[in-house]
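Here's the structure, in structure tokens; my notes come after.
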Amino acid sequence: LFWWNYWQASDMLAYHNLAFMLSYNSGRNYLNYTLNYAFQKYRPTFYAQFSGYMQDELTNSLNLEYDERRFAEIFGLSYPLDRHNRIDCLTLFRNERDMYSTGQKDITKTRAFQISYRRDTKNGVYLTANRGSVLELSQLKALEKWGGNESYDAYLLELIKYFPLSKTSTLVGRLFGKVSGGKNNLTFDFRGIGGVRGFQRGLDKNKTRRIIFGNLELRTPVIKDINYYMWYMFPDFYFKTVYFKFFIDSGYGFDKSDEIRNWKISDLSASIGFGFNIYTFVLQTFKMVLSFDYAFRTSDGGKIFYFYFGPLF
């Protein structure tokens with residue numbers, strides 16, 4: 001049984017907003033859910049998130065089988081300074097447990113705080129942004145308090161810039177970096193969806209304490225007005241337009257400072273590719289973007305196909 005659904009609800013004044021996502025696969029003993037609540041009556045938005053992830057019969061890099069459990073609760077607020085600038089603060093409670101076939105258990109309990117600054121001036125016509133920029137700076141700090149057993153700091157920088165080519169076409173550049181330090185260093189992976197496409201995501205050997213990568217993507221409409229209404233199913237879909245995209249991704253991950261001083265072009269992970277974004281409306285109201293990417297690795301010519309709900313940035 002494969003199951004995926006998304007529910008959304010609000011009161012008439014949009015003070016209280018509720019959203020729930022659930023995906024399930026009985027063949028892999030896979031379950032993933034997220035429940036979001038936001039209170040937006042006042043200038044700061046207060047929100048809470050409860051999420052869980054469970055999957056059995058996984059195999060790690062040492063060929064050991066294990067069952068994975070992830071549960072998290074997030075409480076925070078988002079305070080807009082003006083039209084383009086805001087500050088976000090949150091507290092995170094996360095419990096992770098890996099249960100191996102040998103009987104061993106790895107248990108991680110994270111108690112963390114995060115503060116972020118975001119400046120968003122992107123703008124465009126109707127469906128997609130084609131000018132402006134987005135800047136985000138963030139710090140996450142984990143403490144060995146309130147039952148937590150991790151201590152670290154993590155810093156994030158993301159910059160996205162839109163260069164308009166016409167009213168509907170744009171060239172988008174993105175720079176992304178993450179750094180971790182402290183007793184329990186975090187590791188990050190910049191490959192796959194959200195990073196350098198063309199690579200498999202989530203492999204332990206690809207994770208490092210410091211990552212930096214960039215994306216350059218050309219987006220232009222190829223079918224401006226599909227205007228096809230799929231009235232004969234529920235929920236109904238209204239297909240509006242199709243965008244073509246061509247992208248170049250590259251990135252580098254390292255653990256020590258001398259690695260960045262001695263790096264070579266061949267050390268970069270890079271890929272090129274193309275794809276399509278199909279803009280649809282569910283129930284003729286809620287916008288949803290169906291994204292298809294076909295990426296090629298520049299190192300060995302390997303290729304990979306992605307389907308996801310996007311765009312990524």
Side-chain angles (χ1 to χ4, degrees), residues 4 23 122 124-136 156-178 187-208 210-226 237 239-254 263-280 287-313:
W4 186 91
S23 58
K122 69 177 184 290
V125 291
Y126 188 35
L127 289 174
T128 181
N130 74 334
R131 61 184 182 271
S133 62
V134 178
L135 171 66
E136 182 173 352
L156 175 148
L157 164 67
E158 182 176 27
L159 175 62
I160 303 172
K161 178 66 176 176
Y162 297 82
F163 302 92
L165 303 178
S166 68
K167 288 185 177 180
T168 54
S169 300
T170 184
L171 182 67
V172 188
R174 180 194 187 201
L175 178 66
F176 187 97
K178 266 186 178 182
T187 57
F188 312 108
D189 186 6
F190 59 89
R191 300 170 180 86
I193 288 292
V196 180
R197 287 159 282 192
F199 293 82
Q200 181 179 351
R201 189 174 183 86
L203 298 179
D204 291 339
K205 65 179 181 180
N206 291 336
K207 297 181 179 180
T208 58
R210 305 172 186 179
I211 63 170
I212 183 169
F213 65 86
N215 310 97
L216 187 63
E217 187 167 292
L218 171 67
R219 301 171 183 170
T220 187
V222 290
I223 306 178
K224 290 188 176 181
D225 294 297
I226 304 176
F237 287 82
F239 292 88
K240 179 58 182 175
T241 189
V242 177
Y243 270 71
F244 171 80
K245 54 187 174 181
F246 174 80
F247 56 84
I248 302 173
D249 305 328
S250 63
Y252 181 63
F254 59 101
W263 76 279
K264 304 181 293 295
I265 292 294
S266 59
D267 295 329
L268 287 176
S269 296
S271 64
I272 61 173
F274 65 92
F276 296 92
N277 289 342
I278 302 177
Y279 287 81
T280 69
K287 185 176 77 171
M288 184 171 67
V289 184
L290 309 177
S291 295
F292 303 84
D293 288 353
Y294 199 52
F296 302 83
R297 292 191 295 272
T298 58
S299 57
D300 58 9
K303 47 190 175 293
I304 190 169
F305 173 79
Y306 297 106
F307 167 70
Y308 55 92
F309 298 99
L312 295 174
F313 54 90

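- For the pair Pro221 and Ser169, the tightest heavy-atom approach, listed with the atom from each and the gap, is CD-OG, 3.5 Å.
- The backbone N or O of Asp225 sits nowhere less than 3.5 Å from a side-chain atom of Thr241 that would complete a donor-acceptor pair.
- For the pair Thr187 (side chain) and Thr208 (backbone), a donor-acceptor distance under 3.5 Å is absent.
- Formation of a donor-acceptor pair under 3.5 Å by the Asn130 side chain with backbone atoms of Val125 is not found in this model.
- Residue Tyr279 holds its OH atom at 13.0 Å from CE of Met288, rounded to the nearest 0.5 Å.
- Atoms CG and CD1, from Asp189 and Ile211 in turn, are 7.5 Å apart once rounded to the nearest 0.5 Å.
- A heavy-atom distance below 4.5 Å is found between the side chains of Asp267 and Tyr252.
- From Phe239, atom CZ reaches atom CZ of Phe237 across 6.5 Å, with rounding to the nearest 0.5 Å.
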Go through the steps to decide whether Leu165 and Thr170 satisfy the test side-chain contact (heavy atoms from CB on, under 4.5 Å), and finish with yes or no.
CA-CA 5 Å; Leu165 303 178; Thr170 184; 5.6 Å; no
Go through the steps to decide whether Glu158 and Arg174 satisfy the test side-chain contact (heavy atoms from CB on, under 4.5 Å), and finish with yes or no.
CA-CA 7 Å; Glu158 182 176 27; Arg174 180 194 187 201; 2.9 Å; yes
Can you check side-chain contact (heavy atoms from CB on, under 4.5 Å) on Lys245 and Asp293, steps first, answer last?
CA-CA 9 Å; Lys245 54 187 174 181; Asp293 288 353; 2.7 Å; yes
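- Taking every heavy atom of both residues into account, Ser23 and Trp4 meet most closely at CB-CD1, 3.5 Å.
- Contact of the Lys122 side chain with the Arg131 side chain is not registered, since no non-hydrogen atoms from C-beta on lie closer than 4.5 Å.
- With Phe247 as the aromatic partner, Arg197 meets the cation-pi criteria of under 6.0 angstrom to the ring centre and within 45 degrees of the ring axis.
- Interatomic distance, Leu216 CG to Phe163 CZ, rounded to the nearest 0.5 Å: 8.5 Å.
- For the pair Thr280/Val289, no side-chain contact is recorded, criterion being any heavy-atom separation below 4.5 Å from C-beta on.
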Between Lys287 and Leu127, is the side-chain contact (heavy atoms from CB on, under 4.5 Å) condition met? List the steps.
CA-CA 9 Å; Lys287 185 176 77 171; Leu127 289 174; 4.0 Å; yes
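- For the pair Arg219 and Phe313, the cation-pi criterion (under 6.0 Å, within 45° of the ring axis) is fulfilled.
- Of the inter-residue distances, the one linking Ser133 atom OG with Lys161 atom NZ reads 5.0 Å to the nearest 0.5 angstrom.
- In this structure, the side chain of Asn277 does not engage the main chain of Tyr243 through any donor-acceptor pair within 3.5 Å.
- Between the CG atom of Leu135 and the CD1 atom of Ile160 there is a distance of 10.0 Å, given to the nearest 0.5 Å.
- For the pair Ile193/Leu312, a side-chain contact is recorded, criterion being any heavy-atom separation below 4.5 Å from C-beta on.
- Contact annotation: the side chain of Leu218 never approaches that of Val172 to less than 4.5 Å [non-hydrogen atoms, C-beta and beyond].
- Phe309 is listed as a side-chain neighbour of Leu290, based on a closest heavy-atom distance under 4.5 Å.
- The side chain to side chain contact (heavy atoms under 4.5 Å, CB included) test applied to Ile248 returns Phe246, Ile272, not counting sequence neighbours.
- Counting only distance, with no hydrogens or angles, the side chain of Asn215 and the backbone of Gly195 share a donor-acceptor pair below 3.5 Å.
- Across every non-hydrogen atom of Lys178 and Leu156, the tightest pair is CE-CD1, 3.5 Å.
- Considering only heavy atoms from C-beta on, Ser250 stays 4.5 Å or farther from Ser269 through its side chain.
- When side chains are defined from C-beta on, Tyr294 counts as touching Phe274, because their heavy atoms get closer than 4.5 Å.
- Checked against the 6.0 Å centroid criterion, the rings of Phe292 and Phe276 do not qualify as a close aromatic pair.
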